[in-house]
Amino acid sequence: MPENTTFFRNKLITWYLENKRELPWRKTKDPYRIWLSEIMLQQTRVEQGLPYYLKFVDAFPTVFHLAEAPQKTVLKLWQGLGYYSRARNLHAAAHYISETLKGEFPSNYKDLLNLKGVGDYTASAIASICYNEPQAVVDGNVYRVLSRVFGVETPINSTAGKKEFKQLAQQLIDAEQPGTYNQALMEFGARYCVPRNPNCEACIFNNRCEAYKKNLVSALPVKLKKRKVKKRYFNYMVVLSEGKRTLLNQRTGKGIWQQLYEFPLIESGKEVSEKELKKLEGFKLFSEEVNIEDMVLYNETSVVHKLSHQHLFARFWIVAVSEIQNTGIPFSEIQNYPVPVLLQNFISDFSVFKN
DNA sequence: AATCCGGGGTT
DNA sequence: AACCCAGGATT
């Protein structure tokens with residue numbers, strides 16, 4: 001074993017034990033709870049995921065509770081956290097563990113990979129933390145720390161890069177305490193070796209950090225550029241009947257917000273006036289469902305809702321109708337439905353104004 | 001190998 | 001506006 005390796009892991013773990021945050025999932029080795037936390041923290045900051053973790057543990061103390069819950073309940077608790085496929089896969093995996101595995105949680109890296117929504121990172125995290133299996137985690141923090149300390153310039157989002165960093169991380173892992181080591185590396189990336197302007201002068205590795213020596217800290221890690229965002233224009237038809245009922249549709253098929261609910265949506269290629277809106281095919285279909293008495297634009301200025309790779313420009317049309325079919329729901333029950341943040345923001349704003 | 005999938009924070 | 005976040009699935 002290279003002397004360098006021992007130095008790195010010992011220094012790192014020492015730093016971790018002195019600087020780690022107290023987090024609820026660090027007080028347990030219950031694989032269910034570790035799994036839950038790891039899924040929630042995928043592409044999600046600890047501060048953002050934490051309140052959701054607490055809500056889920058409270059609502060679903062065991063994998064059986066989660067499995068038995070209706071999907072609508074799970075999605076409602078997940079509302080606002082994003083990447084909703086995580087919630088759907090979590091629920092499906094809970095069914096699998098509860099029923100097929102009779103509640104016996106997968107207890108090694110290989111079997112963990114069979115769970116929906118569990119990839120190399122998550123399987124490694126659970127296996128190392130819960131079962132002491134030496135599988136190296138490679139998340140965004142690990143890419144950053146290792147690329148800098150060891151001066152690796154391979155793009156982290158290339159196939160070669162993923163392979164190379166996993167191999168390097170695997171070589172460095174402390175097999176005696178893999179869970180602690182993995183968390184130490186991630187914590188160091190999250191709290192010290194940060195993306196922008198890290199404090200290299202005081203860093204525990206600055207004597208040996210390749211990036212620091214070569215003045216490449218701001219250039220590492222290398223990442224291939226992604227394509228630009230697409231713009232979309234959403235016209236939401238907020239139906240209001242005299243009985244204070246409205247219409248919600250569940251999004252199905254591909255694309256964003258699968259299984260979440262929304263008002264009837266008419267998408268247009270650009271921002272449209274009322275006259276232009278009424279010419280759209282989607283509007284004709286909509287107007288066959290309800291008897292429109294009046295229609296007024298709620299927000300002249302579009303709400304801009306930014307997703308990772310789409311910018312949504314949304315306008316809400318308040319549509320008074322005389323009749324509504326039995327698919328309508330009371331407006332007061334809308335809060336029971338999982339909806340995208342874009343919709344939740346409108347509902348909150350509209351409700352205040354309306355009452 | 002590329003692309004898609006949210007929402008929020010930082011710079 | 002661009003980048004990032006305890007990534008994974010799909011095409």
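Throughout, protein chains are lettered first and strands after them, A, B, ... in sequence-line order, and every chain is numbered starting at 1.
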Practice item. Would you jot down, in residue-number order, the residues of residues 176-186 of chain A having a non-hydrogen atom under 4.0 Å from DNA chain B? Key: none
Exercise for review: Whole angstrom is fine here: how far is it from CG in A:L342 over to C1' in B:dC5?
Suggested key: 16 Å
Check your understanding: Under a single-linkage rule joining Ile, Leu, Val, Met, Phe, Trp and Tyr whose side-chain heavy atoms are separated by less than 4.5 Å, which residues share a cluster with A:L216?
Key -> A:L220, A:V222
Revision key, fill the gap. Applied to residues 195-227 of chain A, the ring-ring contact (aromatic ring centres under 6.0 Å, His included) test, sequence neighbours excluded, yields A:F8-A:F205, A:F188-A:F205
Point to revise | For A:S128, side chain to side chain donor-acceptor pair (under 3.5 Å) partners two or more places apart | key: A:N182
Check your understanding: Taking only residues at least two apart or on different chains, which pairs with a member in residues 121-142 of chain A satisfy ring-ring contact (aromatic ring centres under 6.0 Å, His included)?
Key -> none
Review point. Does any residue of residues 144-154 of chain A have a heavy atom under 4.0 Å from DNA chain B, and if so, which ones, in number order?
Key: none
Practice item. Anything under 4.0 Å to a heavy atom of chain A counts; send over the first and last such nucleotide of DNA chain C, read 5' to 3'. Key: C:dA1 to C:dT11
Revision key, fill the gap. In numerical order, the residues of residues 31-41 of chain A whose heavy atoms come under 4.0 Å of DNA chain C are A:E38, A:L41
Practice item. Quick one: name the residues clustered hydrophobically with A:Y83, using the 4.5 Å side-chain heavy-atom rule over I, L, V, M, F, W, Y, and just say none if it's on its own. Key: none
Review point. Of all of residues 133-140 of chain A, which get a heavy atom below 4.0 angstrom from DNA chain C, listed by number?
Key: A:D139, A:G140
Review point. Can you name the side chain to side chain donor-acceptor pair (under 3.5 Å) partners of A:E242, sequence neighbours left out?
Key: none
Point to revise | side chain to side chain contact (heavy atoms under 4.5 Å, CB included) partners of A:N19, counting only residues at least two apart | key: A:W15
Check your understanding: Hey, does the side chain of A:H305 come within less than 4.0 Å of B:dG7's phosphate (OP1/OP2), counting only N and O?
Key -> yes
